[in-house]
Amino acid sequence: MTDLAASALARPSGKTLTLHFSDNALLALLLGEHDRHLVRLEQALHVRLACRGNRMAISGEPERVAAAEAALTGLYRRLERGEGVSGVEIETAIRMAEAEADPRLPLSDWPAIRTRRGAVAAQSRGQAAYMEMLAGSEMVFAVGPAGTGKTYLAVAQAVAMLQSGRVDRIVLSRPAVEAGERLGFLPGDMKEKVDPYLRPLYDALNEMMPAEQVMRRLGSGEIEVAPLAFMRGRTLAHCFAILDEAQNTTPVQMKMFLTRMGEGTRMVVTGDLSQVDLPAGTTSGLADALATLEGVPGLGVARLDRHDGVRHPLVGRIVAAYEARGAARRREGPARDSNGTAK
């Protein structure tokens, strides 16, 4: 990095490394208001950060110090390029610094999806692996909890391929299954009834291209957003097809969708197996497909977890709490009533 140098001193109980910054104005932005960025980095990376003048000392275990150096270096480079640093970038830097130790995926080589609205960069190691699958596999399953970018990155790849002419259209689909709510008696035509289910797909599209372009492409058929039931009997050729919320499909529906694949088509299936809204006793088509198809040549499976979460940091802690409770219940076995009968 220009204008940034580092020196290290080994200590018996750990390591101290000092970074030297030449631009105090950029350093102030790096620290954040009332040093909040510094505090967050300390907490997440388990190091001690001390800033005096244009120098910052990092103290801790050697691997922790290396992770903090990677995070601070990456953030300072952003500022040198004239890019901002907010809480989102801090959380991204923490995830990327933790992954820096992975020799298979150097930080500088992490992939990005390029749309006309700009580049969509990986924000975790899991996302980077997922993006590589999106670029290289004809069919990809992405499984993981809320907020890990499953749908967002799939839509970004679809838009990039449409804008570059590698596919002729985008087909986005979801099963119309209520998440504990009944929408069937709402007034309106078919489109108005199913739009609540498809809204997340519209939101992702609007992130990738101007709203007027989304509407124009929807009108011309270059982009189609439809419930899963509308896919039956069709062949999807030369398109990028995404099935979202696939945990709420049945095995028959999943097979129907996968066998729509035609020449020149890419398919992505996303879902969260911890949020199945099917009736009790119904097998999830996503779980069934993974058990049946994983290992088939040409098919990729990206398994994301809470460490890949890119929403508010509290979302990751919420997911972790639910996972811990679920694991505890599995260890304890089924709950029983006062007569000892399993509930």
Side-chain angles (χ1 to χ4, degrees), residues 88-89 91-115 117-164 166-167 170-174 200-201 203-205 207-208 240-247 254 257-258 261 265-275 286-287 289-290 293-311 315-316 319-320 323:
V88 173
E89 285 73 36
E91 297 301 325
T92 298
I94 290 167
R95 287 190 294 270
M96 295 175 77
E98 293 284 2
E100 178 76 348
D102 185 353
R104 298 179 296 104
L105 205 58
L107 194 59
S108 59
D109 294 338
W110 281 30
I113 299 170
R114 306 195 179 279
T115 72
R117 274 214 164 174
V120 178
Q123 297 188 38
S124 70
R125 181 170 57 187
Q127 284 196 357
Y130 177 32
M131 291 166 70
E132 289 185 332
M133 288 184 192
L134 290 174
S137 300
E138 292 180 312
M139 182 179 291
V140 176
F141 284 78
V143 185
T148 50
K150 304 182 298 296
T151 303
Y152 185 82
L153 293 176
V155 173
Q157 181 70 20
V159 169
M161 292 186 70
L162 178 65
Q163 291 178 335
S164 65
R166 288 179 285 171
V167 295
I170 298 172
V171 177
L172 307 175
S173 187
R174 272 184 152 205
L201 299 176
D203 291 342
L205 282 171
E207 288 271 344
M208 305 300 165
F240 198 110
I242 300 172
L243 175 59
D244 192 34
E245 296 290 333
Q247 76 275 6
M254 176 63 76
F257 179 80
L258 297 179
M261 190 174 190
T265 287
R266 297 288 189 94
M267 275 192 171
V268 180
V269 177
T270 70
D272 177 2
L273 289 170
S274 71
Q275 297 192 44
L286 177 58
L290 290 171
L293 301 176
E294 192 161 6
V296 170
L299 184 149
V301 178
R303 297 186 182 276
L304 304 169
D305 59 33
R306 60 185 175 86
H307 301 292
D308 300 303
V310 295
R311 292 181 184 168
V315 172
V319 171
E323 288 176 349

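Listed by chain and residue number, Arg174, Gln247 satisfy the side chain to side chain donor-acceptor pair (under 3.5 Å) test with Glu245 (two or more places apart in sequence, or in another chain). Residues passing the side chain to side chain contact (heavy atoms under 4.5 Å, CB included) test with Ala289 are Phe141, Met254, Leu293, sequence neighbours excluded. Considering only residues two or more places apart in sequence or on other chains, Ala156 meets the side chain to side chain contact (heavy atoms under 4.5 Å, CB included) condition with Ile113, Val120, Met208. A search for side chain to side chain donor-acceptor pair (under 3.5 Å) contacts involving Ser173 returns nothing, not counting sequence neighbours. With sequence neighbours excluded, the residues that form a side chain to side chain donor-acceptor pair (under 3.5 Å) with Thr151 are Asp244. Listed by chain and residue number, Val301, Arg303 satisfy the side chain to side chain contact (heavy atoms under 4.5 Å, CB included) test with Glu294 (two or more places apart in sequence, or in another chain). Residues passing the side chain to side chain donor-acceptor pair (under 3.5 Å) test with Glu138, sequence neighbours excluded: none. Residues forming a side chain to side chain contact (heavy atoms under 4.5 Å, CB included) with Asp305 (at least two apart in sequence, or on another chain): His307, Asp308.
Nearest heavy atoms, Ile242 versus Ala158: CD1-CB, 4.2 Å. Of all the heavy atoms in Leu286 and Ala246, the pair that sits closest is CB-O, 3.5 Å. The two residues Lys150 and Tyr130 make their nearest non-hydrogen contact at O-OH, 2.7 Å. Closest of all the heavy-atom pairs between Ser137 and Gly298 is CB-O, 4.0 Å.
Note that CG of Leu172 and CG of Leu201 are 5.0 Å apart. Values are rounded to the nearest 0.5 Å. Interatomic distance, CD of Glu91 versus CD1 of Ile94, reported as 4.5 Å (0.5 Å rounding).
Put simply, the side chain of Thr265 never gets that close to the backbone of Met261: no donor and acceptor are under 3.5 Å apart.
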CA sep, side-chain torsions, deciding dist, call: Ile170, Val155, side-chain contact (heavy atoms from CB on, under 4.5 Å): CA-CA 9 Å; Ile170 298 172; Val155 173; over 6 Å; no
Worked verdict on Val159 versus Phe240 for side-chain contact (heavy atoms from CB on, under 4.5 Å): CA-CA 9 Å; Val159 169; Phe240 198 110; over 6 Å; no
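Using a 4.5 Å heavy-atom threshold, the side chains of Gln157 and Val268 count as separate.
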